There are 2 protein chains.
Amino acid sequence: MAESSTQVRPGGRSAKVRAAVHRAVAELLAEEEAETLTLPAVAARAGVHPTTLYRRWGSTAQLLNDVATSRFTDDLVVPDSGSLEGDLQRWLADVATDVADPDTLALMRATIGSGPAGGCACVEDRHRQLGAIIRREQERGGAALDVESAADFLLGPLYYRAVFTAEPASADWARTLVSTYLATLRTS
Amino acid sequence: MAESSTQVRPGGRSAKVRAAVHRAVAELLAEEEAETLTLPAVAARAGVHPTTLYRRWGSTAQLLNDVATSRFTDDLVVPDSGSLEGDLQRWLADVATDVADPDTLALMRATIGSGPAGGCACVEDRHRQLGAIIRREQERGGAALDVESAADFLLGPLYYRAVFTAEPASADWARTLVSTYLATLRTS
DNA sequence: AAATTATCGCACTGATCGTTGCGTTAGTGG
DNA sequence: CCACTAACGCAACGATCAGTGCGATAATTT
């Protein structure tokens with residue numbers, strides 16, 4: 001058989017270290033400026049030797065990307081309320097309350113600055129969730145919405161407010177966003 | 001008279017240094033990763049001693065903020081086409097072509113990561129411009145739009161696409177964005 | 001249970017960052 | 001033209017970062 005050259009070993013200790021490092025990143029990002037997020041600082045907070053971070057992640061950008069992907073994947077259950085509007089409203093309200101958390105927002109902003117230009121770990125899973133909701137509506141016999149267009153009009157205003165402005169994006173506002181978006185689709 | 005304690009001196013040399021540093025930041029941000037943007041690196045590219053940067057700006061965050069504010073203020077002329085839809089379409093198309101530039105986008109992303117949470121130098125002037133367009137429509141006798149709401153539905157999808165996704169936001173797409181937004185207002 | 005080896009801790013080193021004191025250059029006002 | 005001083009260049013210094021070799025620990029397989 002063709003054996004893999006490097007055999008991964010995600011056993012107890014590695015998982016513990018990984019969890020401690022992720023928690024340390026979240027804590028430091030919540031209380032300090034993003035500038036001070038260096039690998040030695042994270043290591044000191046996590047109670048881990050700095051060498052481990054240099055070996056496993058290499059740079060703060062890759063570490064932030066890892067933290068963001070594991071933080072923003074499978075964090076929201078896609079609801080099934082029976083109707084498209086209900087599904088979208090519950091889901092977008094959950095997204096709104098999620099990004100309203102200062103810690104989550106700090107992680108998003110840091111990931112934007114460090115991540116690769118184009119495509120951010122913060123929104124990949126959101127698009128998947130939105131696609132699942134739309135696909136279910138299609139299976140119900142409803143209209144076939146475009147995922148990208150829906151993301152533009154639903155996630156666009158929400159993330160814009162969260163990232164660029166200082167105003168909070170409440171769950172109620174997210175629900176009205178869904179209503180006006182669906183109304184626009186009916187009239188056109 | 002009450003004299004100012006520190007007398008500013010924006011003469012030829014300071015302006016030259018400032019311009020060279022700003023240009024160096026733009027160049028490094030366009031070709032390197034945002035991680036490598038340190039004050040010594042900027043100083044070397046600008047042909048200026050690092051001490052000058054430490055004294056005048058202090059940190060990369062403040063330098064980026066300074067570059068962003070001078071880059072995104074008074075960069076777009078607010079058009080006057082006679083109608084609200086024409087004004088918005090021309091203005092948002094200009095904004096779209098602006099953020100479609102990779103260098104501009106890199107500066108935006110770096111500023112988001114380094115800037116203070118809430119309120120970004122990238123959008124402050126955009127809101128002023130949008131407010132001017134809306135105010136002019138009011139003086140014509142037209143409807144009184146809410147600036148924040150208009151920013152949500154116009155700048156929101158545009159900036160969301162630019163920052164979070166890899167897809168380009170074309171000027172044509174920006175124009176259709178304005179049309180659908182105004183159509184939504186008429187039906188409601 | 002023993003062997004294998006991925007992973008981590010430790011000590012050490014070179015490189016770069018951030019800061020300070022001091023002399024020089026060059027705008028600004030008299 | 002001359003005095004004044006803001007702004008810059010220079011050199012030196014700690015502090016911290018980034019990386020490497022080696023031994024110890026513990027997860028995994030036989």
Side-chain angles (χ1 to χ4, degrees), chain A residues 1-25 27-29 31-67 70 110 113-115, chain B residues 1-25 27-29 31-67 70 110 113-115:
Chain A
M1 64 181 78
E3 76 282 358
S4 59
S5 59
T6 59
Q7 171 180 349
V8 77
R9 183 184 291 186
R13 190 166 67 161
S14 293
K16 262 189 159 65
V17 168
R18 187 180 141 99
V21 168
H22 279 213
R23 184 158 10 96
V25 168
E27 287 178 13
L28 288 177
L29 225 46
E31 61 194 37
E32 309 264 347
E33 279 295 316
E35 293 276 323
T36 65
L37 193 80
T38 66
L39 292 190
V42 175
R45 173 63 66 103
V48 174
H49 205 271
T51 313
T52 301
L53 301 189
Y54 283 110
R55 284 205 237 269
R56 285 188 61 167
W57 287 280
S59 70
T60 60
Q62 298 181 16
L63 176 57
L64 274 173
N65 203 36
D66 184 32
V67 172
S70 75
S114 298
Chain B
M1 65 180 74
E3 76 282 358
S4 59
S5 60
T6 58
Q7 171 180 348
V8 75
R9 182 183 293 187
R13 190 166 66 161
S14 293
K16 263 188 159 66
V17 169
R18 188 181 141 99
V21 168
H22 280 215
R23 182 158 14 94
V25 168
E27 288 177 12
L28 289 177
L29 225 46
E31 61 195 37
E32 309 264 349
E33 279 295 315
E35 293 276 323
T36 65
L37 193 80
T38 65
L39 291 190
V42 175
R45 173 63 66 101
V48 175
H49 206 270
T51 314
T52 302
L53 300 189
Y54 284 110
R55 283 206 237 270
R56 284 189 62 168
W57 287 280
S59 70
T60 61
Q62 298 182 18
L63 175 57
L64 275 173
N65 204 37
D66 185 31
V67 172
S70 76
S114 298

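We name chains A, B, ... by the order of the sequence lines, and we start the count at 1 in each one. Atoms considered below: every heavy atom in the structure, side chains included; atoms not considered: hydrogens, waters and symmetry mates. Small disclaimer: the values here were computed from a predicted structure and weren't measured.
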Which is more 5' along DNA chain D, the nucleotide nearest B:Arg18 or the one nearest A:Pro40? Just name the residue.
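By nearest-heavy-atom nucleotide position, the 5'-most residue is B:Arg18.
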Taking only the side-chain nitrogens and oxygens of [X], find out if one of them lies under 4.0 Å from OP1 or OP2 of [N].
| X | N | answer |
| --- | --- | --- |
| A:Thr51 | C:dG9 | no |
| A:Tyr54 | D:dG19 | no |
| A:Thr52 | C:dG9 | yes |

May I have the distance from [X] (atom [atom1]) to [N] (atom [atom2]), rounded to whole angstrom?
| X | N | atom1 | atom2 | value |
| --- | --- | --- | --- | --- |
| B:Lys16 | C:dG27 | NZ | P | 9 Å |
| B:Leu39 | C:dA15 | CG | P | 21 Å |
| A:Glu33 | C:dG18 | CD | P | 15 Å |
| B:Leu53 | D:dG9 | CG | P | 9 Å |
| B:His49 | C:dG23 | NE2 | C1' | 13 Å |
| A:Arg55 | C:dC10 | CZ | P | 13 Å |
| A:Leu63 | D:dA18 | CG | P | 12 Å |
| A:Arg13 | D:dA24 | CZ | C1' | 9 Å |

By nearest heavy atom, map B:Thr60 and A:Gly47 onto DNA chain C; which one lands nearer the 5' end?
A:Gly47
Calculate, to the nearest 0.5 Å, the distance between atoms [atom1] and [atom2] belonging to [X] and [Y] respectively.
| X | Y | atom1 | atom2 | result |
| --- | --- | --- | --- | --- |
| A:Glu35 | A:Leu37 | CD | CG | 10.0 Å |
| B:Arg55 | B:Thr51 | CZ | OG1 | 6.0 Å |
| B:Arg56 | B:Leu63 | CZ | CG | 10.0 Å |
| A:Leu28 | A:Arg23 | CG | CZ | 11.5 Å |

Is the closest basic N to carboxylate O distance between B:Glu32 and B:Arg45 below 4.0 Å?
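No salt bridge links B:Glu32 with B:Arg45.
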Applying a 4.0 Å non-hydrogen cut-off, can you work out what A:Arg56 is touching in the nucleic acid: base, sugar-phosphate, or nothing?
sugar-phosphate
Any N/O donor-acceptor pair, B:Ser14 side-chain to D:dC8 base, under 3.5 Å:
no
